[in-house]
Protein chains: 2
Amino acid sequence: MKTAACTVAKGRPREFDVEEALAAALRIFWTKGYEGASLTDLTEAMGVTRPSLYAAFGNKESLFCKALELYEREKLCYIGRALDAPTARGVAEALLRGALERQRDSSDPKGCMGVINSVACGAEAESIREEVLKRGESAKRAIVARFERAKAEGDLPDHVDPEGLTGYLIALLQGIALQGGAGATCADLERLVQTSLSMWPAR
Amino acid sequence: MKTAACTVAKGRPREFDVEEALAAALRIFWTKGYEGASLTDLTEAMGVTRPSLYAAFGNKESLFCKALELYEREKLCYIGRALDAPTARGVAEALLRGALERQRDSSDPKGCMGVINSVACGAEAESIREEVLKRGESAKRAIVARFERAKAEGDLPDHVDPEGLTGYLIALLQGIALQGGAGATCADLERLVQTSLSMWPAR
DNA sequence: AGGGTTATATACCGGTCGTTATGAAAACCG
DNA sequence: CGGTTTTCATAACGACCGGTATATAACCCT
């Protein structure tokens with residue numbers, strides 16, 4: 001009933017930090033993908049034995065979902081902020097630069113956790129794929145809504161299609177993550193972003 | 001020494017068509033990725049037993065490489081044709097429309113074989129990943145060269161960066177494949193392409 | 001017909017996968 | 001101190017992985 005208000009804990013205390021272990025698991029899923037990440041990879045990176053992992057996180061799938069939440073919360077927060085930009089062009093620029101900055105951060109794995117895990121692999125990962133796609137879809141809807149608002153505000157010409165513009169922008173973001181994960185240099189990605197911005201109409 | 005000029009064959013003839021079996025294998029790798037495709041998946045789709053597969057194709061990795069060659073030869077031929085377009089804009093339009101058409105073909109799997117297998121999975125697939133990336137890189141260089149030619153011909157303004165423009169265009173192509181593989185409708189992708197074309201400067 | 005050669009079919013190999021049963025260890029309570 | 005509860009460590013489970021040993025069947029040649 002209570003919200004588990006930390007009642008001093010009864011049994012033997014756990015010897016690892018759940019949040020740290022989750023961050024370690026995220027790095028593994030991020031670099032190897034859901035199916036490519038074995039439990040051995042995960043437990044070694046997390047510094048935790050198998051039974052402890054299952055006791056703390058349920059199973060591999062729910063561990064992945066918790067790691068995905070952490071990823072969105074910590075690594076994709078620039079998306080929400082980008083939508084607050086005053087103009088449509090500002091939104092696009094903030095998204096592109098945010099994606100670029102993510103690839104530039106040398107302390108994190110390359111590529112995008114979402115992109116990596118949205119491509120089909122084995123059949124067992126279908127529910128994972130759907131979970132990832134669901135979140136991507138909701139992000140897309142938020143951008144579409146933002147561009148529709150921009151259109152209503154006269155910030156975008158009447159002839160533009162918010163859906164099309166969103167798909168276009170997301171394609172660029174996906175391309176940045178993909179090329180970053182494929183080993184493109186920072187200079188490559190900066191050129192990509194620069195070119196993208198030079199293409200945007202209201203320069 | 002000879003180019004294996006079909007010397008009537010000596011032993012028991014094989015009971016399956018190598019090219020057909022390879023096409024079936026391609027579909028599996030295309031939908032499931034290299035690691036997601038098990039030998040059971042492959043042999044069932046190809047209608048071939050395991051020893052026959054190994055006798056005809058070597059092992060899983062070399063089977064994948066042969067399937068990748070088939071993929072490029074039959075499904076990515078639009079890229080080479082696109083580079084023959086007279087203008088840079090014509091090249092971009094042919095590439096975008098070619099990628100769109102590939103996703104529209106309902107008889108083939110969605111997504112792009114190259115994109116699917118270039119994202120990191122297990123460590124065993126590293127050589128596969130490198131092979132795929134190598135081919136992508138050579139395609140990129142061909143597009144860069146084409147845009148440099150366009151610039152020399154006065155077809156592109158002096159201030160454009162061929163590398164940046166190529167990365168930008170490839171990002172769009174990757175986005176099309178990714179969104180197509182993620183379940184986007186044909187209408188979605190058409191809007192994406194339409195928007196991309198409307199962005200291209202020399203309308 | 002019979003040897004040589006190549007493809008087929010069945011069954012199996014060691015290894016790894018995700019998951020869990022078992023029992024000891026460490027904290028709390030009384 | 002014993003009793004309870006939770007975590008830790010070891011080891012094992014069945015299922016599947018990529019790859020192969022073995023034996024049989026179908027073709028050519030002489």
Side-chain angles (χ1 to χ4, degrees), chain A residues 2 4-22 24-25 28-29 32-67 117 121-129 131, chain B residues 4-22 24-25 28-29 32-67 117 121-129:
Chain A
K2 296 293 160 49
C6 190
T7 56
V8 211
K10 295 220 294 193
R12 173 176 175 174
R14 67 161 49 97
E15 302 174 358
F16 64 96
D17 183 285
V18 174
E19 211 59 29
E20 271 181 33
L22 189 59
I28 300 296
F29 283 129
K32 304 196 168 196
Y34 178 73
E35 304 213 67
S38 72
L39 280 194
T40 302
D41 295 330
L42 291 166
T43 52
E44 281 181 0
M46 300 164 77
V48 160
T49 62
R50 283 160 120 95
S52 296
L53 189 153
Y54 276 81
F57 301 101
N59 59 9
K60 188 184 178 185
E61 179 170 343
S62 90
L63 172 63
F64 177 87
C65 287
K66 290 184 173 72
N117 289 287
C121 279
E124 58 170 83
E126 197 57 36
S127 65
I128 295 296
R129 190 174 119 90
E131 175 69 24
Chain B
C6 188
T7 55
V8 211
K10 295 221 293 191
R12 173 175 173 174
R14 61 163 50 98
E15 301 174 357
F16 64 96
D17 183 285
V18 173
E19 212 59 30
E20 271 182 31
L22 190 59
I28 300 298
F29 282 129
K32 305 196 166 195
Y34 178 74
E35 304 213 67
S38 71
L39 280 191
T40 303
D41 295 330
L42 291 165
T43 52
E44 282 181 1
M46 299 164 78
V48 160
T49 62
R50 281 161 120 95
S52 296
L53 189 155
Y54 276 81
F57 300 102
N59 59 8
K60 189 185 178 185
E61 178 169 343
S62 88
L63 172 63
F64 178 86
C65 287
K66 291 184 173 70
N117 289 287
C121 280
E124 57 166 87
E126 196 58 34
S127 66
I128 294 297
R129 189 173 119 90

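Bear in mind the structure is a predicted one, so any value in this text is a computation, not a measurement. Each chain gets a letter, A, B and so on, in the order its sequence line appears, and its residues count up from 1.
Side-chain N/O atoms of A:Thr49 include none lying less than 4.0 angstrom from OP1 or OP2 on D:dT7. At the phosphate of D:dT7, neither OP1 nor OP2 sits under 4.0 Å from any side-chain N or O atom of A:Ser52.
Between the OH atom of B:Tyr34 and the C1' atom of D:dG18 there is a distance of 9 Å, rounded to whole Å. Rounded to whole Å, the distance from CG on A:Leu39 to P on C:dG18 is 4 Å. Here the P atom of nucleotide D:dG18 and the NZ atom of B:Lys32 are 11 Å apart, to the nearest Å. Rounding to whole angstrom units, CD1 of residue B:Ile28 and C1' of D:dC17 are separated by 16 Å. The nearest whole Å value for the distance from the OH atom in B:Tyr54 to the C1' atom in C:dA11 is 16 Å. C:dT6 atom P lies 18 Å from atom CZ of B:Phe57, rounded to whole Å.
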Could you run down nucleotides 22-30 of chain D 5' to 3' and tag each one B, S or - for protein heavy-atom contact under 4.0 Å? ---BBBS--

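A cation-pi arrangement is absent between A:Lys66 and A:Phe57, since the terminal nitrogen or guanidinium carbon is not both under 6.0 Å from the aromatic centre and inside a 45° cone about the axis.
Counting only distance, with no hydrogens or angles, the side chain of A:Thr43 and the backbone of A:Leu39 share a donor-acceptor pair below 3.5 Å.
In this pair, A:Phe64 and A:Phe29 present their aromatic rings perpendicular. The plane angle is above 60°, beyond the 30 to 60° band.
Between A:Lys32 and A:Glu35, none of the side-chain N atoms (NZ, or NE/NH1/NH2) sits under 4.0 Å from a carboxylate O, so this pair counts as no salt bridge.
Interface remark: the A:Arg50 side chain does form a donor-acceptor pair with the C:dT19 base, using a distance-only criterion of under 3.5 Å.
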